[in-house]
4 protein chains.
Amino acid sequence: MAREQTRAEVRRERILEAALAVFARRGYREAAMDEIAVESDTSKGGVYFHFPNKQAIFLALLDRMAALLMARAEAAIAAETDPLAKIDAALRVVLDTFADHRSLARLFLVDALGAGREFNAKMMEIHRAFAGLIARHLDEGIRRGDFPPIDSRVAGLALFGAINEVVTDWLLDPDPPPLERAYPALRALLRRSVGMPAE
Amino acid sequence: MAREQTRAEVRRERILEAALAVFARRGYREAAMDEIAVESDTSKGGVYFHFPNKQAIFLALLDRMAALLMARAEAAIAAETDPLAKIDAALRVVLDTFADHRSLARLFLVDALGAGREFNAKMMEIHRAFAGLIARHLDEGIRRGDFPPIDSRVAGLALFGAINEVVTDWLLDPDPPPLERAYPALRALLRRSVGMPAE
Amino acid sequence: MAREQTRAEVRRERILEAALAVFARRGYREAAMDEIAVESDTSKGGVYFHFPNKQAIFLALLDRMAALLMARAEAAIAAETDPLAKIDAALRVVLDTFADHRSLARLFLVDALGAGREFNAKMMEIHRAFAGLIARHLDEGIRRGDFPPIDSRVAGLALFGAINEVVTDWLLDPDPPPLERAYPALRALLRRSVGMPAE
Amino acid sequence: MAREQTRAEVRRERILEAALAVFARRGYREAAMDEIAVESDTSKGGVYFHFPNKQAIFLALLDRMAALLMARAEAAIAAETDPLAKIDAALRVVLDTFADHRSLARLFLVDALGAGREFNAKMMEIHRAFAGLIARHLDEGIRRGDFPPIDSRVAGLALFGAINEVVTDWLLDPDPPPLERAYPALRALLRRSVGMPAE
DNA sequence: GATGAATGAGCATTCATTCAT
DNA sequence: AATGAATGAATGCTCATTCAT
């Protein structure tokens, strides 16, 4: 039976939350453990009791955010049956999630990539997870004859990258237009790229 | 007639070269000015005589690399007349250039993004320059009736992002397959995305 | 009852002591944080844990020395009732204190002034505190009819400056005569300047 | 016959002027040779051709300013016959000169003292020159029976210091009242200190 | 479990001075 | 005489990590 969270778990959670805020505010390199400790209402030693080092905290956050986004995308996809509707749904979820959490998205898409080579492996894993999700649905569409055949690994990456870039551009723009505005064009492009009519 | 480079220009060049090597080896944050000085066979003070700070060196390199890549792509495009051939040519140039300079590409596509928020503006500028190049040719194709209409700004970003992601995946892979292998699928996808047949 | 000093307080004290020695030996600008750390048997980081920067250490020392000197002067003054005796007592304390701590006096009277414009405000504050002390007693003497009236603010500064200069001359002299030797003349001058007979 | 200044002399002069401006603006330590070079419309190498090092420039300026001030004071004194009038005249000259050249006075009275121990000897020399000037006139007054006897060396220092402090206080005050306002009180004090009536 | 203190390697930058041309 | 380049020692400060209590 799931007991109440132990005190340790609560503390751990508080640290993660604080770290997310600090990383989002400062970026990975600029974030100081001191600040995370203060923001989580703990001592520096306390933080190190729960996490072996700074990297581990960041990694934990990456994992958690990736899992969340994946789960949302999967759910949205599962709720639809039509392959085109699935594409639409997933795209919408991703765009909405990022639009709602700008600084988080920035951390995830921009800072994490260059946070240091130690993160490269993890980032590859995450990117591949998303690209793989797309690829799996492509494969299924291809199998069912909805889409013409294509190297789904590369295609998955490419489609993921296409969305990524549009979001990233929006992230780096100091005075960005609403992200939704990119939706129709992106949708048309993605559809056509898999052999469907834009509309 | 262009006179020989002055001593200062030669030195400046040597510093940039050395910096490129060091940045590629270590990433931006890990690169030490000391190492750049040693590698360029200069003193630290000498480096600072030619560049005001570390950032400026990195920025100079980014600019230079972006210009080079843009020029190559433009040239390849200009050499073709058929819109589809233009796409092929540009894609090929980009893939080939990155494939030939892996660590440079890594610096450019991966490290630079997260090098610190001071670089975000410059990165946006560079990404937009490439996306804009694609967008211009899309617009022309649309105007000539080759492609169906689309929001070319978003499409340019998306296509740039698609290529980017494929290259980035290859960069982060510690044991990557040849990058050319991705070419056919990427080509098919790009073609279809602008309303052309895959073949 | 005052508990024993905490470990932190002890360490802080040790750093201040070491800093005083180093500043006195080298002057403010030449003093290196490294040296202070070594001399206080701490690490550089340790010093920075207790003080935010070099300036703060120097400021703390200035404050402390000023307070000490002021307290001694006040005590000596309080121990006398006759206004002339008060002047004598204060003058004696100041001269004795400086004579006993030559390098400290040098730091205080010579180096601190030119340590950088950041210290100007603090130095003005300290000088004014001493001049103010003198001015207060002048005012009282004037009120009691012991001295003829005068602008006590200016007079306080002037008298402080007079003592200052005699001490400073002694400080800058590489082979100085005993400072006490200046006492009789200084005493006569100060007395006369406030309208009292030299003897 | 004094030929026109050689080009070298002109250049030397320009450097001194520029240096004065820079030192007055930044203080000794903060002043960079680079800035002096630029401000004197020369190259750094050029500056070093005319002066062996930074110290030498500062020393030259100190000498020149001290000589100027001394000369003015001597002239003012020589123009009077009455000893009291001489005191008044000299005091007035000093106060006026400093009031007219605030940043220069700051350099001279504040920064120079703490510019580094290398300047201590020179500063002692300068201070003693002024104190000596006062002492000489005191001695003459004593010899003529105008003033009661006193140790004129100490008295000279003290009187110089008194003026100094009043000026210094005015210099360090970010929002100072006119310096002349201190004149009457200072005058009364100085007169009394040498045994003369305040008025 | 938690804390405050302590550590120390690491680093960008400054600047007086030198010197080949 | 003059210049622009080059030098390199010097230094304040940061920060992830450790550890005694």
Side-chain angles (χ1 to χ4, degrees), chain A residues 6-8 10-12 15 29-37 40-57, chain B residues 6-12 15 29-38 40-57, chain C residues 6-12 15 29-38 40-57, chain D residues 6-8 10-12 15 29-37 40-57:
Chain A
T6 63
R7 193 150 54 96
V10 172
R11 179 63 60 102
R12 208 187 122 94
I15 292 170
R29 302 307 281 239
E30 303 295 320
M33 292 297 272
D34 256 313
E35 209 175 344
I36 295 175
S40 63
D41 230 12
T42 322
S43 63
K44 239 199 294 199
V47 175
Y48 275 91
F49 180 81
H50 291 284
F51 296 91
N53 51 42
K54 190 176 168 182
Q55 241 181 78
I57 302 179
Chain B
T6 64
R7 188 159 50 105
E9 279 161 349
V10 170
R11 180 61 60 104
R12 205 188 126 94
I15 292 169
R29 301 304 280 243
E30 302 296 320
M33 292 297 273
D34 259 310
E35 207 175 345
I36 295 176
V38 169
S40 62
D41 226 14
T42 322
S43 60
K44 235 195 301 197
V47 175
Y48 276 94
F49 181 79
H50 290 284
F51 297 91
N53 52 42
K54 191 177 168 182
Q55 237 183 83
I57 302 181
Chain C
T6 63
R7 188 158 50 106
E9 280 161 347
V10 171
R11 181 60 61 103
R12 206 188 126 94
I15 292 170
R29 301 306 279 241
E30 301 297 319
M33 292 297 274
D34 261 310
E35 208 175 345
I36 294 175
V38 169
S40 62
D41 226 15
T42 322
S43 60
K44 234 196 300 199
V47 175
Y48 276 94
F49 180 79
H50 290 284
F51 297 91
N53 52 42
K54 191 177 168 182
Q55 237 183 84
I57 302 180
Chain D
T6 63
R7 191 152 54 98
V10 171
R11 179 61 61 104
R12 206 188 123 93
I15 291 170
R29 303 304 282 239
E30 302 296 319
M33 292 297 272
D34 256 311
E35 209 175 345
I36 295 175
S40 62
D41 232 11
T42 322
S43 63
K44 238 197 299 199
V47 174
Y48 274 93
F49 180 80
H50 290 284
F51 295 91
N53 51 40
K54 190 177 168 182
Q55 241 182 81
I57 302 180

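Each chain gets a letter, A, B and so on, in the order its sequence line appears, and its residues count up from 1. This one's a predicted model, so the numbers in the text were calculated from it and none came from an experiment.
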Chemist: Can you tell me if S43(B) touches the phosphate of dT7(F), counting only side-chain N or O atoms and a distance under 4.0 Å to OP1 or OP2?
Modeler: yes

Chemist: Could you check how far CZ of F49(D) sits from P of dA2(F), rounded to whole Å?
Modeler: 7 Å

Chemist: Would you indicate what A31(A) reaches in the nucleic acid, counting non-hydrogen atoms under 4.0 angstrom: base, sugar-phosphate, or nothing?
Modeler: sugar-phosphate

Chemist: Between I15(C) and R12(C), does the side-chain contact (heavy atoms from CB on, under 4.5 Å) criterion hold? Intermediate values first, please.
Modeler: CA-CA 5 Å; I15(C) 292 170; R12(C) 206 188 126 94; 5.6 Å; no

Chemist: Mapping P52(B) and T42(C) onto DNA chain E by nearest heavy atom, which one lands closer to the 5' end?
Modeler: T42(C)

Chemist: Take the protein atom CD1 of I15(B) and the nucleotide atom P of dA6(F), then report the distance between them rounded to whole Å.
Modeler: 7 Å

Chemist: Taking the side chain as every heavy atom from C-beta outward, state whether T6(B) and E9(B) have any pair of such atoms under 4.5 Å apart.
Modeler: yes

Chemist: Identify the nucleotide, in any strand shown, that forms a Watson-Crick or G-U wobble pair with dT3(E), with both distances under 3.5 Å; if there is none, say none.
Modeler: dA20(F)

Chemist: Choose from dT3(F), dG12(F), dA16(E) the nucleotide whose nearest atom is closest to any side-chain atom of K54(D).
Modeler: dA16(E)

Chemist: Rounded to whole angstroms, how far apart are CD1 on I36(C) and P on dA10(F)?
Modeler: 17 Å

Chemist: Given dT17(E), dA2(F), dT17(F), identify the nucleotide with an atom nearest to the side chain of Y48(A).
Modeler: dT17(F)

Chemist: Calculate the interatomic distance between E30(C) atom CD and dA10(F) atom P; express it in whole Å.
Modeler: 11 Å

Chemist: To check you understand the geometry: which heavy-atom pair defines the closest contact between A8(D) and H50(D), and what is its length?
Modeler: O-CE1, 3.6 Å

Chemist: Nearest whole angstrom, please: distance from the P of dG8(E) to the CG of D34(C).
Modeler: 12 Å

Chemist: Can a side chain N or O of R11(B) be found less than 4.0 Å away from OP1 or OP2 on dA5(F)?
Modeler: no

Chemist: Within the structure, does a side-chain N or O atom of H50(C) lie under 4.0 Å from either OP1 or OP2 of dG4(E)?
Modeler: no

Chemist: Give the rounded distance in Å between these two atoms: CG of N53(B) and C1' of dC15(E).
Modeler: 16 Å

Chemist: What are the two closest heavy atoms between A31(D) and K54(D), and how far apart are they?
Modeler: O-NZ, 2.8 Å

Chemist: To the nearest angstrom, how far is F51(D) atom CZ from dA2(F) atom P?
Modeler: 12 Å

Chemist: Please determine if a side-chain N or O atom of K44(B) lies less than 4.0 Å away from the OP1 or OP2 oxygen of dG8(F).
Modeler: no

Chemist: Please determine, for the side chain of M33(C), which listed nucleotide (dG12(F), dT3(E), dG1(E)) has the closest atom?
Modeler: dG12(F)

Chemist: How far apart are the closest heavy atoms of N53(D) and M33(D), and which atoms are they?
Modeler: C-CE, 4.4 Å

Chemist: Can you tell me the base-pairing partner of dG10(E)? Count Watson-Crick or G-U wobble geometry only, both distances below 3.5 Å, and say none if there is no partner.
Modeler: dC13(F)

Chemist: In this structure, how many angstroms lie between the C1' atom of dA2(F) and the CG atom of D41(D), rounded?
Modeler: 13 Å

